[in-house]
There are 2 protein chains.
Amino acid sequence: MQYLKIKDAIVEQIEDGMLTARQKLPAERKLAEAFDTTRVTLREALSMLEAEGRVYREDRRGWFVSPEPMSYDPTQTLNFTNMALAQQRQPRTELLAAKQVLASKHAAKKLELPPFSDIYRIDRVRYLEERPVLYVTNFIRAELFPDLLERDCSQNSLTDIYREHYGVEYQRIRYRITTSSLQGEIAQVLRATAGTPAMVVERINYSQTGELIDCDIEYWRHDAISIDSIAELSV
Amino acid sequence: MQYLKIKDAIVEQIEDGMLTARQKLPAERKLAEAFDTTRVTLREALSMLEAEGRVYREDRRGWFVSPEPMSYDPTQTLNFTNMALAQQRQPRTELLAAKQVLASKHAAKKLELPPFSDIYRIDRVRYLEERPVLYVTNFIRAELFPDLLERDCSQNSLTDIYREHYGVEYQRIRYRITTSSLQGEIAQVLRATAGTPAMVVERINYSQTGELIDCDIEYWRHDAISIDSIAELSV
DNA sequence: TCTACTCTTTGGACTATACCAATATTTAGG
DNA sequence: CCTAAATATTGGTATAGTCCAAAGAGTAGA
């Protein structure tokens, strides 16, 4: 089982510091030659390391060493930016689209609204150290937040806007974590090849009054996060 | 991009009910021929479906259609068996080992104990409909539960034993969710090929008095679960 | 100095084939 | 009829290439 040796050799180089976080690995052809094997086998080893979160791939750009994952608590209101800063990471957010639309069947169901209701849809990519690691789409009940889109969603966090301008805060969060793979536009924006494994977090948020406010769906580069949380059991 | 067509064709057959949950797909060579391609490409498509959780592989046995995932709430004390039964699934647990050992460095750290402390280590595999989907290892502070191993850990849930015989209950749970891949014995027990992507849940549990009781590490077949939970934010 | 075009390298995708060992199946024997 | 040995099938792993398009590097021109 040659690919095990290749894996181990690469892991060793990472742990010895010969390859450091975010560094690009040599070209596949060169690595294959170095390990005296073919590209197919080499790629098998690399894919396995990718599944383990040790390396990641950027589409048509090559393989890179994964940095430490950021720890993420979906039960905190703490937004991405603050979460990253608290962990000495460099966050950046890019607004892809923010518009008022008619709810798709899927969105309507999650928001518990009749089909074709008015909602806002906000698409964003979030970066850590200039690497795109998260694609989020928010679906928001428009009736609760008139003129939300007039406010600058690219600079301010949604939770801040909710609180400051509408007096609404999250009180209860339902979330669902699954794994899937990246496809199409999402893959592209995350600089991933279609089929790259990913972590999917879906959240539905309720306000102080128990009212459903919004929901989101988050596609994470799976090597970039570790989901960490604490649950207190009310007895 | 041929593998996309193969993927879609298989997904279609699953959704049309021509292939049903837990059913074995035809042999790779036959599928490759049917799609007029090579095994390499065919396997690429299947691996992608595996990453998406639509099919799973049993080592040297072939590819199978994934059933609906079981929903799992790590913040509930509800044990595996009851969780499964509540969702009309057939659970089964197999005890692999239950012994008193000296804490490894890793276990000691997680249990906040000095190295070489006495702990119990319990290894189990858990099945759904006779498919092994979870490999759990529990590390338990031995001082808190004298003669724990005398009790039948294969029949009774740990939480029940804690409560009934020692008056200890979970009050607070820290958990961490990451993705990784299955290797060695764990892969074997789960009938997986080494390198199969997996979901890893690590929990650390504290009692009513805030004392650290035990911790565990869970390796899940990632297509077999969806982690669902609710967080109440205390304001 | 900056931009636009060209050339080279590289990753993505695919073909064709081979060997081995573990399964699964069939066949032979008690 | 059941068990054990022989056989066929199948998945796991690997080799040796090929073609293409995108990315990156280098070059020439404004």
Side-chain angles (χ1 to χ4, degrees), chain A residues 1-10 22-51 55-65 130-132 181-185 187-197, chain B residues 1-10 22-51 55-65 130-132 181-185 187-197:
Chain A
M1 251 109 61
Q2 200 159 352
Y3 72 86
L4 284 181
K5 283 179 199 150
I6 301 175
K7 263 186 55 183
D8 291 346
I10 296 176
R22 281 173 282 274
Q23 188 179 333
K24 186 178 184 304
L25 301 188
E28 289 181 1
R29 285 172 176 86
K30 293 203 175 116
L31 278 176
E33 197 185 1
F35 288 112
D36 192 30
T37 183
T38 57
R39 274 179 71 209
V40 180
T41 303
L42 192 260
R43 281 167 70 92
E44 175 131 2
L46 288 172
S47 298
M48 213 157 284
L49 288 173
E50 183 185 36
V55 304
Y56 63 93
R57 211 175 1 162
E58 294 207 351
D59 190 47
R60 303 209 138 270
R61 249 167 292 247
W63 300 83
F64 301 81
V65 178
E130 292 309 308
R131 173 189 175 204
S181 73
L182 301 173
Q183 303 295 338
E185 196 218 325
Q188 221 165 54
V189 168
L190 294 181
R191 290 190 209 141
T193 311
T196 300
Chain B
M1 250 112 62
Q2 200 159 351
Y3 71 85
L4 284 182
K5 281 178 201 153
I6 301 175
K7 261 186 56 183
D8 291 345
I10 296 177
R22 281 173 283 274
Q23 189 178 333
K24 186 177 184 305
L25 301 188
E28 290 181 1
R29 284 172 176 84
K30 295 209 173 110
L31 279 176
E33 199 185 1
F35 288 112
D36 192 31
T37 184
T38 58
R39 273 178 73 207
V40 181
T41 304
L42 192 258
R43 281 168 69 90
E44 176 133 0
L46 288 171
S47 297
M48 214 157 285
L49 288 172
E50 184 186 35
V55 304
Y56 64 93
R57 214 178 356 163
E58 294 207 350
D59 190 47
R60 302 208 141 272
R61 251 167 290 249
W63 300 84
F64 302 81
V65 178
E130 293 308 309
R131 173 190 176 205
S181 73
L182 302 172
Q183 302 295 337
E185 196 217 323
Q188 219 164 55
V189 168
L190 294 181
R191 290 188 210 143
T193 311
T196 299

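The chains referred to below are lettered A, B, ... by the order of the sequence lines, with proteins before strands, and numbering in each begins at 1. In what follows, every heavy atom counts, from backbone to side chain, and hydrogens, waters and symmetry copies are set aside. On a predicted model such as this, the values are computed, not experimentally measured, just so you know.
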Does the base of D:dG11 carry an N or O that pairs as donor and acceptor with the side chain of B:Arg61 under 3.5 Å?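 Side chain to base: no pair present.
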If you take atom types as modelled and just measure distance, does the side chain of A:Arg57 reach the base of C:dG12 with a donor-acceptor pair under 3.5 Å?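 Such a pair does not exist between side chain and base.
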Closest-nucleotide mapping onto DNA chain C: is B:Arg39 or A:Thr193 further toward the 5' terminus? I mean the 5' end.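 Result: A:Thr193.
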Whole angstroms only, please: what is the [atom1]-[atom2] distance between [X] and [N]?
| X | N | atom1 | atom2 | answer |
| --- | --- | --- | --- | --- |
| A:Gln2 | C:dA18 | CD | P | 19 Å |
| A:Asp36 | D:dT15 | CG | P | 8 Å |
| B:Leu31 | D:dG11 | CG | C1' | 12 Å |
| B:Leu42 | D:dT10 | CG | P | 13 Å |
| A:Met1 | C:dC20 | CE | P | 16 Å |
| B:Leu4 | C:dA13 | CG | P | 8 Å |
| A:Glu33 | D:dA14 | CD | P | 19 Å |
| B:Glu28 | D:dA14 | CD | C1' | 14 Å |

[X] side-chain N/O to [N] phosphate OP1/OP2 under 4.0 Å:
| X | N | result |
| --- | --- | --- |
| A:Lys30 | C:dG11 | no |
| B:Thr38 | C:dT17 | no |
| A:Tyr3 | D:dA14 | no |

Out of curiosity, A:Lys30 NZ to A:Glu33 CD, how far, rounded to the nearest 0.5 Å?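 So the gap between those two atoms works out to 9.0 Å.
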What pair of heavy atoms forms the shortest contact from A:Glu28 to A:Leu42, and how long is it?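 Distance-wise, the nearest heavy atoms are O-CD1, 3.8 Å.
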For a quick test of reading the model, state the closest non-hydrogen atom pair linking B:Glu50 to B:Arg57 and the distance between them.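 Of all heavy-atom pairs spanning B:Glu50 and B:Arg57, the closest is OE2-CB, 3.8 Å.
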Using the side-chain heavy atoms of B:Val40, tell me which of these nucleotides is nearest: D:dT13, C:dG11, C:dT17.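 Nearest listed nucleotide: C:dT17.
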Quick one: which of D:dT15, D:dA21, D:dC19 gets closest to the side chain of A:Arg60?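 For the A:Arg60 side chain, the nearest candidate turns out to be D:dA21.
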Look at atom NZ of B:Lys24 and say whether more than 12 heavy atoms of other residues, nucleotides or ligands are closer to it than 6.0 Å.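 Buried by this count: over 12 neighbours within 6.0 Å.
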Can A:Arg131 be said to sit on top of A:Tyr56's aromatic six-ring, NZ or CZ under 6.0 Å from centre and within 45° of the ring axis?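 So A:Arg131 does make the cation-pi contact.
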Starting from the 5' end of DNA chain D, give me the residue, B:Arg43 or A:Thr37, whose nearest nucleotide shows up first.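 First, find each residue's nearest nucleotide; the 5'-ward one identifies B:Arg43.
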Closest-nucleotide mapping onto DNA chain D: is B:Ala27 or A:Asp59 further toward the 5' terminus? I mean the 5' end.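 The answer here is B:Ala27.
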